[in-house]
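Per chain, numbering begins at 1; letters A, B, ... match sequence-line order.
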Amino acid sequence: MLTILFDGVAYGMLLFVLAVGLCVTLGLMNFINLAHGAFAMAGGYLTVVMMNRMGLSFYWCLPAAFLFSAVLGVVLERALYRRLYDKTHLDQVLFSIGLIFMAMATVDYAMGASPQIVNLPPSLNGRIEILGANVGVYRLFVIAICGLLTIGLQFVIAKTRFGSRLRASVDDGRVARGLGIDVTGIFALTFAVGSGLAGLGGALGAPILSMDPSFPLKYMIFFLIVISIGGTTTITGPFFASILLGVADVAGKYFVPAIGGFIIYTIMVAVLIFRPQGLFTRSAKR
Amino acid sequence: MIFKSILAGAVGLAAGLQFTAPALSQETVKVGLIATLTGPQAASGRQKVAGARLYMQLNGNMVAGKKIELIVKDDTGVADVTRRHAQELIVNDKVAAIAGFSLTPLALAVAPVITQSKTPAIIMTAGTSVITERSPYFVRVSFTLPQQSVPIAEWAAKNGAKTAVSLVSDYGPGIDAQNAFKMRFEEQGGKVLEQLKAPLANPEFSPFLQRAKDLKPDALFLFVPAPTAGALMKQVIDRGLTEANIKVIGTGDITDDDQLNGIGDSVLGLITSHFYSAAHGSALNQKFVAEFKKANPGMRPNFIGVGGWDGMHAFYEALKKTSGDTDGTKLVDAMKGATWESPRGMMTIDPETRDVIQDVYIRKVEKKDGELYNIEFDVVKQVKDPMHK
Amino acid sequence: MSEAPKPVLETRALRKAFGGITATDNVTFSLPPGARHALIGPNGAGKTTFVNLLSGVLPATSGEIYLNGVNITNWSVRDRARAGLARTFQINQLYADLSPLETILIAINERENAATSWFRPLGSRSDLVDEAAALLVRLNLADVMQARVGSLAYGRQRLLEMAIALASKPQVLLLDEPAAGVPEGERDQILDVVAALPADVSLILIEHDMDLVFRFAKTISVLVNGALFVEGTRDEIARDPRVRQVYLGEEEIAHG
Amino acid sequence: MIPESPNKPAGWLLGRTRWRWYELAFWAAAASSFFIFPSKLMLISEIFILGLLAVSIDLTLGFAGLVTLGQGAFFGVGAYAAGLMAQYGAGTAPFADPLLGLLVAGFVAGALGFVTSFLVLRGSDLTRLMVTLGVALIVEEIVTQAKDITGGSDGLQGVMSSPVLGVWSFDLYGKTAFWYALIVTFVCFWFCRRLVNSSFGLSLLAIKGNPLRARAIGMPVNTRLVAIYTIAAAISGMSGGLLTQTTQFASPDMVAFHRSADALLILVFGGSGFLYGGLVGAVAFRVMQDFIGNITPQYWLFWVGLVLVLLVLFVRGGIIGMLIALRERLLRKGEGS
């Protein structure tokens, strides 16, 4: 039982790292970037290339994936995304679907359509007993990394000057601008960090989820669910939403395998019906 | 302004059509190959096309005085596109036969078209038993899931497994495999504790695997479509099922030759049953593997690639037998009962069911020359699909 | 004016708070039939909030609103409109891509329950179209009847804004700064239209422009900080020193 | 477009709803494609069907301003409804009748549209996109899970409809399918055209343009939105039924996300809010797919993505919007000289 909970938490944590950047940038600029998964894919494939082709250690891949996706993010943001801030949501959706298509075809061209598999270093393989639960070492590693990241993010947002400016900008961009906060700059930085986190999530997920070119589309739905449940005003909302989603998905498939696939969608629609602003938004807004 | 757009559309349509406009020639016999070249199943499509092209490259494109032309179409894995391509290939390109079909629904979608037009359709991949019953013009050179699952069920029962759990992808072939496995395993005195089905588009197998693990069976039988197998095997290893003394077995799909090296050493020793291994010892297979690798750098032929090869072979031989007559019914009749040596070993088209009869091997994953291979160590000769009555 | 019998529109202790800020503070007010009433007050006095409460755009925090003696406090914007309470908006709420004719037809169709007709083409009810056209003629918009609303001069858009409200043949009409932002040259047209409104329509005018207020209103309420500061006839208000102090004085400074 | 005498406003309004020569030309071209491209009948039928789906999205998006990412749900439900009618009614004449099947498809999809319409009334564009997407995903799950009825991942196979009106059976060349799809598409389109040109259509524009103003006029905004959402769902369902009947099977990818996405792209590609945008977009999209697919079958997605990105960045109103802009520029130039 505990093992299932543990797996669910690990899966949820991974989803959180993958999706958190999207939540914050959505809240910040009210921009729907469905192509967020493409940044995760970039990180995942970088890991594949670094490990399988260049033979580098998995541990090097994680920071590299972060940096790679972050740079990619900032370049695209400056070059393309910023032209779309004042367009309608529909335009943004179409634009980012277009980007997804391009990313999928590019990866297909460069890396082939087969799923790429990453082999973990021996130190991360195997299973250990914790509190009577039999858990995979790698999942423990994922939880540890994601947990640290979450605490780190929370710290940055709650305690630093950048964090307070970010919060102000998310709360009300117009007022923040009026106060002389460089919302555009904050956004570019947040976008980069968010993309970088997605890349890191892709790298972390590569050994579990296997990378193939349809990754951004496959996970887009999960991101949307995280946002719609968690809201976009804080990072605690998406965090709890991700954990809830991970646990519900894993437990659902474990206990009722026949209808496991339904559970997450049902949760999403139920939340949107009863709490259209998200499940965790109000509590998170104090 | 709308008129202009119509004009533009019409001109564009015409421009688009030039590329596929039928260029009829009496000397040419066309074969339509409908493969999935984009989307999640793209890897299988490329194997198939590579196998078919390789056959033509090594055996020339002249058969019975006719030039064979292969027309490749991408169905993107969507059934109505498969159907439209089939219909257009038959009606416009006047192909003598169509071939391909990476998934069962894609094959089933063309059944009414080939029956109506009396066009042979050679199934190179899809593996649900029922397909060949849906039209008298289906001929299968690949395999059926029950055909692959029954031998491993027997092997498992013989090797001391009393209980088993099966985990398959939730679609036609998976259910076929699961049922055939259960049937034979229980005939041999075993007990299948639970039949688990994971959604076809499922990235996370861990809850299903955990459930299988918690049921503590002697054996876990797995089947998923080839491109997903890598991810599943990773999670099987990661979940520590082997350490829990559960014997992981399955059909060869999960140790797909194309991906085996990517999965890594952790699958060493895994036992599967399948009709093809790139390590098959015959001279023909060694030549096939070598040429395939030469023509497609970075790829290693798998059972789908060999299906592409044999599909072309079946057509070549049938056309020879009819002396170049491309009448669909005659071609299908010519294929019935045909026997030949494939890179996989000897195979026959069952004259009754038009389904493939072939040897099924029990193999173990081993390392050879620094690469992982499925090494065959036992064989069940000339297996018929057990589901056909 | 409280002695007037059977008010058309009435509020009792109406209150609206945004967080800690009270934008409308215990306003009890009544409007007799055929009234020509102006609501004035300094910037931020809560005039527009009050109109939004009356028309249902904002829900009241507490208190009640009555239309013809019926409690409409919890009615939707739409139900109030159908009951005869029409309004214009301080900032034009128009359809830039439609023509004035269509714009007016939308309102007339709703009034006549003709908007659910989905099969007959627009314009097949020539009686309704003629009525729309007549209204536009009355408001001096005949020449631009078929133009794109977005291409009209600002003053004419303000007229159209009023025409929409009139098209629903309201009993009570709330005019939210009809002349706001209209250049001097086009102002008279608006004043003429306001002056020529049918006598049986009860009017509430919110306005900054004192010329307009004094030319048009018979009674005036002054709102300060969301509360009703003073009420009276035009002359009473004009003479009231407190009003001069809080409001008119400020105006003079602003104008001076 | 040509203003008539301004003192006859009713005539002016009526005149704007009259059929124009270029509309007639469009449909004439559609019909004559039967003779021009006899080898592409299936593809053209598919274009009609896709175009009709896009037109139904135009009703909600282009006229009522509701964004949706899940029209595929209605399309798929209609597809399965028509398929099941034909399959279970096979042999028994009235049930396998394609026209009855189409009506049932429309009705079932409309019913689903009606029920789910209440979900899209609230919230922002973002929640709408996600709710519609969520509904489509759930429908997709149901279709894959309910194997006994829908055939699961394998889909419904061998759906044989009776001959249309008892006379024309569906043939291999797709001739019957072509005319059947064309006529159904035309009738549905004609219906939509009447709808948007009516008082009801005008009131939708009012809601799209400014819901606050519409309410202040006394318009029951939510009722209207429910109505149009339901109608659009029914039309989507009929287009889905058409696909099942002309291709003789139904499969889960008729409900899949890419259906909704494709249809939306097609609409935006063609230009939303013109009603013809969906049809023009479907033609252009398929031609492009065919064209690029023939050059590079593996990577055509890239070019589609690029076209989308460029479209969003540089073009307003899709193909039709572009043509209108071009026409206006030409007219202005004409006046200038």
Side-chain angles (χ1 to χ4, degrees), chain C residues 55-57 76-89 92-99 101-103 105-112 114-130 132-133 136-137 142-147 149 161 164-165 167-168 170, chain D residues 1-19 59 62-63 65 190-228 230-231 273-274 317 321 324 328:
Chain C
S55 59
V57 173
S76 65
V77 174
R78 189 245 157 180
D79 290 340
R80 294 180 202 208
R82 291 198 57 97
L85 184 69
R87 69 168 291 186
T88 66
F89 291 87
N92 281 339
Q93 306 282 335
L94 296 170
Y95 302 111
D97 291 324
L98 299 180
S99 63
L101 185 65
E102 286 164 306
T103 310
L105 257 183
I106 292 170
I108 293 180
N109 280 337
E110 286 308 325
R111 194 193 74 210
E112 294 293 316
T116 47
S117 144
W118 60 266
F119 193 72
R120 298 175 65 188
L122 191 66
S124 54
R125 284 278 304 268
S126 54
D127 53 331
L128 301 185
V129 182
D130 289 346
L136 289 169
V137 170
D143 54 324
V144 290
M145 206 178 274
Q146 293 158 12
V149 169
E161 179 78 34
I164 297 175
S168 61
Chain D
M1 302 285 136
I2 312 132
E4 291 176 20
S5 156
N7 46 25
K8 280 188 189 151
W12 176 69
L13 288 172
L14 280 172
R16 298 205 312 172
T17 66
R18 249 169 237 136
W19 286 83
L59 285 184
F63 290 89
W190 173 78
F191 172 87
C192 295
R193 197 180 174 282
R194 293 225 57 139
L195 195 71
V196 302
N197 281 327
S198 69
S199 305
F200 178 74
L202 183 63
S203 74
L204 292 182
L205 285 178
I207 293 169
K208 181 194 178 191
N210 190 335
L212 173 64
R213 163 52 88 191
R215 285 200 175 89
I217 283 170
M219 196 181 289
V221 168
N222 286 355
T223 320
R224 297 280 155 80
L225 291 179
V226 167
I228 192 63
T230 306
I231 292 171
F274 305 103
I324 291 175
E328 270 167 14

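Of all non-hydrogen atoms in Glu110(C) and Pro220(D), the two that sit nearest each other are OE1-CD, 3.5 Å. Considering all non-hydrogen atoms of both residues, Ile217(D) and Ala107(C) come closest at CG2-CA, 3.5 Å. Summarising the geometry of Pro121(C) relative to Leu14(D), their closest heavy-atom pair is CG-CD2, 3.9 Å, with the distance given to 0.1 Å.
Heavy atoms closer than 4.5 Å to chain D are found in the backbone of Ala114(C), but not in its side chain. Neither the backbone nor the side chain of Val137(C) comes within contact range of chain D; no heavy atom of the residue lies under 4.5 Å from a heavy atom of that chain. In this structure, chain D has heavy atoms under 4.5 Å from both the backbone and the side chain of Phe119(C). Contact of Ser55(C) with chain D is not made at all, since no heavy-atom distance falls under 4.5 Å. At a 4.5 Å heavy-atom cutoff, Leu128(C) makes no contact with chain D through either its backbone or its side chain. Contacts of Ser99(C) with chain D are made by side-chain atoms alone, with heavy-atom separations under 4.5 Å and no backbone atom involved.
The distance from atom CE of Met219(D) to atom CZ of Arg111(C), rounded to the nearest 0.5 Å, is 13.5 Å. Taken from CG in Asn210(D) to CD in Gln93(C), the straight-line distance is 4.5 Å, to the nearest 0.5 Å.
Chain C forms more heavy-atom pairs under 4.5 Å with one residue of Ala227(D), Ala216(D), Ala214(D), Ser203(D) than with any other, namely Ala216(D). For the options Lys208(D), Arg213(D), Arg215(D), heavy-atom pairs under 4.5 Å to chain C are most numerous at Arg213(D).
Here the side chains of Glu102(C) and Leu202(D) are in contact, with some heavy-atom distance below 4.5 Å. Looking only at side-chain heavy atoms (C-beta outward), Leu105(C) and Leu13(D) come within less than 4.5 Å of each other. Between Arg78(C) and Asn222(D) there is no side-chain heavy-atom pair separated by less than 4.5 Å.
Applying the side-chain contact (heavy atoms from CB on, under 4.5 Å) rule to Leu94(C) yields the partners Asn92(C), Val149(C), Gln157(C), Leu160(C), Glu161(C), Ile164(C); only residues at least two apart in sequence or on another chain are considered. Shown here are the side-chain contact (heavy atoms from CB on, under 4.5 Å) partners of Thr116(C), two or more places apart in sequence or in another chain: Arg224(D).
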